[in-house]
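First the proteins, then the strands, lettered A, B, ... as listed; each starts at 1.
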Amino acid sequence: MATAYDHLLKLLLIGDAGVGKSSLLLRFCDDTYDEHIQSTIGVDFKVKHATVDSKRVKLTVWDTAGQERFRTLTSSYYRGAHAVLLVYDVTRRDTFENLAEWLKEVSSYSPNAGEGVVKLLVGNKSDLLDGEGVEAVTMDEADAWARANGMLFLKASAKNKEGVVECFNEVVSRILSRPDLLANSAPSKPRITLQPQGADQGGGCC
Amino acid sequence: SRAAEFTTYAPLSVLCATWNVNAKKLDDASSDLSSWLFPDDSSPPPAVVAVGFQEIVDLNAVNVAVDSKASQRSSLWQETISRTLKTRGSYTLLASVHLVGMLLCVYVSAPHVAGVSNIHTSTAGVGVMGVLGNKGGVSVRFQLNDSTFCFVCAHFAAHRENVAGRNADFQSIVAKTAFEVGEEAVREGVKSGSLEQWSEGSTSIGLMDHDFVYWLGDLNYRIDEALATDDVLRMAAAGEVEELRAHDQLNIERFNERVFQGFEEGVIDFGPTYKYQPGTDAYETRPDKKLRAPAWCDRVLWCATHNPNHTKQLSYGRAELRISDHKPVYAAFEAQVKNIVVARRQEVYGEVMRTLDRYENQSLPKVDLNKTCVDLGLCYYENKATDKITLTNSGAVVAHFRLVPKLEESELCKPWITVSPTSGMLIPGESMAINFSVTVDNDTATKLNTGDEVLEDILILRLENGRDHYLTVSGKYARSCFGMSCTDLVLISVPVRDVPLATKERVEFEKVHLPAALSVPKELWRVVDAIYDKGLHEKDLFLTPGFGNELKQIRECLDTSSDFGGFHVHSMAEAFVTLLSNLSTPIVPSTLFPTLEIDQQNIQPWSRRFLEELPPIHYNVFVYVISFFREVLLFGQSNHLTAQKLARVCCNCLTNQAEAEKEKVGGKAQRSMAVIFLHFLTTQSI
């Protein structure tokens, strides 16, 4: 169970409801896809071990609720995050236009007004463009927006796998190149157990 | 454990050769080392050749301290070996390392050069003071394909009786030999399975941290002293090898596990290699020389650390070169070299990682909720509405849950919600309900009426070491006249229930239903009217509590402007008192309480001033209530009420009865106020 790793990194997925944050999480961590995935009422997370730039990293990927009414609650999850993935739906322009609001959240709740985290813009559901889906935001426009806000832009499809691993690898690679972010990434338990009697974490394994 | 799926093995021939040259140089005639390095000409030349020498220079003080002569001799020997190797094939010198008299040169044949990486050398002196190199070991390590090799050329302590010293030399060399291979090579070693349980960030490895360790050299073990020197000489000359082997110190020490633990050695089937008369094939027996019992000083041992079957010795013998007092020894091996198919390994590695990830993710606590929203529908004033959410542990581990406050808040939820339990534990498969109840008390009603509050809140349910669920609790307040202010109530001519709560809708509503301008709230009027109808002669009217259930129905009738049923007069009287006492602002604000003791002298002016200062609607209500009570007092005979009793009722329903407020105002002011109420009830001053 104790898999060795060099860094423990926290990644946060944010963006409007329905853009596919949970699907990206599921594809990346479990390599599965669920057409009828439920909307996230709360904040979910999964872990994933990966090797990037010959470093072994353990990722905890946090998937937040996108619904407007939960907006005030999700701010607490920015604490300790090394990277934030801003996700929009390439076929829904409103989800792109709301990115400004999301970026404002990042600036408010992340260290150094958002400079203290790695940011990546992810245009999800790229598979829809192969069919009858209409590209609501041109790649150039998304790329320009990302650049202007100090991040990289990548296209992805949780459904057909395109670009998903690349997104996460890119993010991890950028984190690994920033010593200021790695200071608090030494391996440890992801969350401190509050009740001592509940310490049989992972009980019944092996 | 799945290494077999991506690992293949291929045989590799290895030759180890060792010779104590006794500081002698080769003359041209004897410069061919073929008989030593290629003892078996019938098989193809070995892929790896490791040649070790001892005493390439005299072990005198000068040579121990100054390296120049040893370096010169090293080059000389290297040239000779190269020349010999060239006769059989193309070899590359991987590394050579020397320490005083010890020299180790490792060569690899051309086809295998490309597979070699991470070549490192190390020296370990264990001679005088434990550091100088008159005795010790020199080592070369490298990786060939995915196997790691380490060759050690050693020279142990001399003298027949010094067995313990030789054993100690072995341990010292093992302990002292270290290769600074770097973090990357360590990681590579762990990945290929050559290293086990390696500590994080390590950059250096030891002698035994290799798939193959070959140990050669003048180990100086002799024939046990149980055999007399003369007997040894005789038996050595006669070739009685078997008998001598039983008395070999190294065999004895290894059998007792005092040295070379884990190592193997082939059976010696050749005569002792020491001590010869240089230039001859005869043991040294000349009278002017010290008499030595012949011995197998020169040996080759090996250890295939991960699998003993991975090295097979093909031959073990000696060559009959004559310049030294030792005969050179060789040992040929076949080693099984690991070859990891990288693509396949990555595939397997990826699969394993995915399995581990899936396993770890499945080990996260998981709880299913039958719903995430509790909608309590219409919530009535002072009524408790309840519902529950059922949690079921659908995961593989015990789930500890607790409700946690939102960021920067200290309470779990709004005050109008009560929730239980707020934490708990579920074993897999177990279910538990979290109960929610919503009660709109007067304070909450006041806020809801003004639109400052809505019946909606989100609670955070946290699974320890797991995810958060958000639970939404909501309801729709059924607006009531209770908890409103009299100034607001007089503006409403329609049923209070119909007036929207949200500011925006209320504004729209008021455009259609223009504000009324009643003198007293219609609800108050209706209650008074109903009490009149029932008659004012009921004993202890206003002092006897009503029926709770009826009170609720009366409230509903008031809020919806529907007709009263046949309610008991005491219930109506209580409705009258509570309607007034629960107004969001009391009829008589505490600022109007007298600031001094009221007596017969000052009661007239105080009462007058009091009436003047009452806000207009409050004035209306006050006069209305006092007039009504005076009417009630007319029936004093039957209802047993007195002005004093009703003055107390006035205090209860017309002033703020909150404890904190009462304390602020003070007992004296309250008593004075009661005197004023009494005054109005008993005189015609209104």
Side-chain angles (χ1 to χ4, degrees), chain A residues 1-6 25-26 28-32 38-51 54-56 58-65 67 69-70 72-79 109 165 186-187 189-195 197-206, chain B residues 183-184 187-188 190-191 197-201 346 349-367 369 371-373 395-402 404-409 423 425 427-428 456 458-472 474:
Chain A
M1 181 89 193
T3 312
Y5 50 89
D6 303 314
L25 176 76
L26 207 58
F28 179 62
C29 293
D30 290 351
D31 198 19
T32 54
Q38 291 179 345
S39 83
T40 308
I41 312 294
V43 172
D44 201 356
F45 81 87
K46 283 183 184 293
V47 299
K48 167 127 180 116
H49 290 86
T51 304
S54 75
K55 292 282 182 197
R56 291 160 307 165
K58 177 175 179 177
L59 307 174
T60 55
V61 187
W62 295 70
D63 171 31
T64 61
Q67 289 178 40
R69 65 197 181 101
F70 298 130
T72 54
L73 297 175
T74 47
S75 56
S76 63
Y77 303 95
Y78 286 82
R79 179 178 300 175
Y109 302 119
V165 172
K189 285 188 180 178
R191 196 188 265 166
I192 289 146
T193 305
L194 297 171
Q195 284 178 321
Q197 65 263 37
D200 65 333
Q201 178 194 10
C205 57
C206 307
Chain B
E183 204 175 332
E184 199 57 44
R187 183 167 291 169
E188 180 63 27
V190 172
K191 242 162 118 181
Q197 308 202 331
W198 209 250
S199 63
E200 195 54 46
Q346 270 169 356
Y349 184 74
E351 256 173 54
V352 169
M353 290 318 278
R354 271 196 296 281
T355 309
L356 286 176
D357 287 341
R358 201 173 309 131
Y359 178 75
E360 191 163 349
N361 284 325
Q362 281 166 358
S363 303
L364 293 174
K366 191 163 174 273
V367 161
L369 283 65
K371 56 182 174 184
T372 58
C373 292
V397 296
V398 170
H400 292 267
F401 69 86
R402 61 173 56 240
V404 296
K406 294 180 258 295
L407 191 67
E408 283 161 13
E409 286 186 17
S423 67
M425 186 198 88
I427 59 170
E456 181 166 325
I458 300 167
L459 286 78
I460 304 173
L461 176 78
R462 177 158 296 169
L463 300 182
E464 256 173 51
N465 301 311
R467 63 166 290 176
D468 288 354
H469 288 273
Y470 294 157
L471 313 179
T472 306
S474 66

Select, from Thr51(A), Thr40(A), Asp30(A), Leu73(A), the one with the greatest count of heavy-atom pairs under 4.5 Å involving chain B. Leu73(A)
Output for pair (Glu360(B) CD, Lys46(A) NZ), nearest 0.5 Å, gives 11.5 Å
When you look at Phe45(A) and Asp468(B), which way does the side-chain contact (heavy atoms from CB on, under 4.5 Å) test go after all the steps? CA-CA 9 Å; Phe45(A) 81 87; Asp468(B) 288 354; over 6 Å; no
Part of Thr74(A) lying under 4.5 Å from any heavy atom of chain B: both
Largest heavy-atom contact set with chain A, pairs under 4.5 Å, which of Leu369(B), Ile460(B), Thr372(B), Leu461(B): Thr372(B)
Calculate, to the nearest 0.5 Å, the distance between atoms CD and CG belonging to Glu183(B) and Asp6(A) respectively. 7.5 Å
Short side-chain to backbone donor-acceptor contact, Asp357(B) and His49(A), under 3.5 Å: yes
Once rounded to the nearest 0.5 Å, what's the spacing between atom NZ of Lys406(B) and atom OG of Ser76(A)? 11.0 Å
Minimum-distance pair of heavy atoms, taken over all atoms of Tyr77(A) and Arg462(B): OH-NH2, 3.9 Å
Under the rule for side-chain contact (heavy atoms from CB on, under 4.5 Å), what residues qualify as partners of Lys366(B), not counting sequence neighbours? Asp368(B), Ser394(B)
Checking Arg69(A) against Thr472(B): is there a side-chain donor and acceptor pair closer than 3.5 Å? yes
Does atom CD of Glu408(B) have more than 12 heavy-atom neighbours, drawn from other residues, nucleotides or ligands, at distances under 6.0 Å? no
Could you state the interatomic distance from OG1 (Thr32(A)) to CZ (Arg358(B)), rounded to the nearest 0.5 Å? 8.5 Å
Name all residues meeting the side-chain contact (heavy atoms from CB on, under 4.5 Å) criterion together with Ser75(A); count only those two or more places apart in sequence or in a different chain, and write none if there are none. Tyr109(A), Leu407(B)
Euclidean distance, Lys48(A) NZ relative to Arg354(B) CZ, rounded to 0.5 Å: 6.5 Å
Point-to-point distance, once rounded to the nearest 0.5 Å, from CG of Asn361(B) to CG of Leu26(A): 9.5 Å
Side chain from CB out, backbone as N, CA, C, O: work out which of these in Leu471(B) comes under 4.5 Å of a heavy atom of chain A, or both, or neither. neither
Turns out that what part of Ala65(A) lies under 4.5 Å from chain B's heavy atoms comes down to side chain
